[in-house]
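Step one of this worksheet: look at the structure below.
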Amino acid sequence: MEGMAPFLEKLLLGQYGEEITAQIAQGFAARRAATLRINPLRGDAQQTRAELAAAGIGMQGVPWYADAVILTDAREDAVTALPLYERGAVYMQSLSSMIPALFLGAQAGENVLDMAAAPGGKTTQIAALTGNGAMITACEKNKIRAERLKYNVERQGASHVTVMTADAGQLDDLFRFDRILLDAPCSGSGTVQLGNPKSKGNFNDANLAKTTKAQAALLNKALKLLRPGHEMIYSTCSILERENEAIVRRAVSWGAEVVPLELTGFEDVPALPTKIPGTLCVMPTQLYEGFFVAKLRRKK
Ligand code: SAM
C-alpha cells in the first residue's frame with residue numbers, strides 16, 4: 001500500500017486481511033480532523049462552547065461523550081490562539097484517546113493511578129470526569145515529558161493530581177490503587193498519517209519486541225498495584241495484536257479477567273475486529289486514530 005512501512009503492512013495483512021488493511025490504509029491517508037475536549041474544571045461548558053462559536057469555530061459533537069468536539073472547518077491553531085485555550089478551558093485531544101478514561105469509570109474519593117501519563121490528556125480527563133474528586137497519581141518516566149504533564153495538570157485545573165517522575169515499573173508493590181489506567185507506550189501504529197513525515201513511525205521487529213516487553217512488564221506491575229477485585233484499563237494507540245490482545249492474554253495467564261466493555265452508545269465509533277470479545281479496537285479513519293482499549297479485573 002502506497003507509503004505504508006512494509007513491516008507494518010505485512011503485520012496488518014496477516015492480522016486483518018486485504019480488505020480491512022485497505023480500509024486502514026485509507027484511514028492512514030486521510031487528513032484527520034482536529035478535535036478537542038471541553039474542560040468543565042475551567043469554566044462552564046456551555047460558556048466555553050459559546051466562546052468557541054463566537055470565535056467562528058465550527059463544531060460538531062459525538063453521541064458518546066458530551067465534552068468531545070470535532071472542529072468542522074477550523075484547524076488546531078485557530079483554537080490554540082484563543083484565550084480560552086490559554087486558561088485550560090479546552091484540551092486538544094484525539095477522539096479515540098478520550099475513550100479509555102470513560103471506560104475507567106473513576107469515582108470521586110478513589111485512589112487512581114495513571115501509570116504512563118504524559119502529556120496528561122487522560123490524567124486531566126479523569127480529573128474532569130470526577131470533578132477533581134479522585135486522588136490521582138500520574139506517573140511519567142521521561143523527565144521532560146513529566147514537566148509537560150505538570151504544566152498541563154496545572155493549566156487544566158486538575159487539583160488532586162500528584163505527578164511522579166518515575167519508572168512505573170519500579171513502583172513499590174506495597175502501593176494499592178482503586179483503579180489504574182495503563183495507557184501504555186506503544187508503536188503508535190494506530191496514529192500513522194501517510195504523507196506526514198512526522199508520523200512515519202519506526203516499525204521493525206526489534207522495536208516491536210522491545211515495546212511489547214515493556215507493555216507486558218507494566219501490565220504485570222499494574223495488576224500488583226491494583227486492589228484485588230478492582231478494575232483497570234489497558235490501552236494503546238496501536239492496532240497490532242502483538243501490542244494489544246497478546247498482552248491482554250498474558251494478563252489473563254497471570255490470573256486477571258477480561259471485563260467486557262459496555263459499548264452501548266459507542267456504535268458510532270468505527271471498530272476493527274478484535275480477537276478478544278469485549279475489547280475495543282478503533283479503526284483509523286478521518287475522525288478517529290487507531291486505538292485499543294481493554295478492561296481487566298484483578299481476581300479477589
Ligand atoms: N496517557 C498519556 C496521555 O493521555 O496524554 C499518553 C501516554 S504515552 C502513550 C506513554 C507515556 O509513557 C510516554 O510519555 C512515555 O514517556 C511514558 N513511559 C514509558 N515507559 C514508562 C514507564 N516505565 N513508566 C512511566 N512512564 C513511562
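One-based numbering, in listed order, for ligands and for the atoms of each.
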N/O donor-acceptor pairs under 3.5 Å from side chains in residues 208-219, not counting sequence neighbours:
residue: Thr211; atom: OG1; partner: Asn207; partner atom: O; Å: 2.8
residue: Thr212; atom: OG1; partner: Leu208; partner atom: O; Å: 3.0
residue: Thr212; atom: OG1; partner: Ala209; partner atom: O; Å: 3.0
residue: Gln215; atom: NE2; partner: Pro185; partner atom: O; Å: 2.9
residue: Gln215; atom: NE2; partner: Glu243; partner atom: OE1; Å: 3.1

Just wondering, are more than 12 heavy atoms of other shown residues or ligands nearer than 6.0 Å to CD in Glu154?
no
Counting only heavy atoms and a distance below 4.0 Å, can you name the residues contacting ligand 1?
Met115, Ala116, Ala117, Ala118, Pro119, Gly120, Gly121, Lys122, Glu140, Lys141, Asn142, Arg145, Ala166, Asp167, Ala168, Asp183, Ala184, Pro185, Leu218
Presence of salt bridge, Lys295 and Glu262, under 4.0 angstrom
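Looking at Lys295 together with Glu262, the answer is no, because their closest N to O distance does not fall below 4.0 Å.
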Ionic contact status for Asp205 with Arg242, cut-off 4.0 Å:
yes
Under a 3.5 Å distance rule, please check whether Asn39 uses its side chain to pair with a backbone N or O of Gln156 as donor and acceptor.
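At least one qualifying donor-acceptor pair exists.
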Out of Leu280, Val248, Val282, which one pairs with Phe292 under the side chain to side chain contact (heavy atoms under 4.5 Å, CB included) rule?
Val248
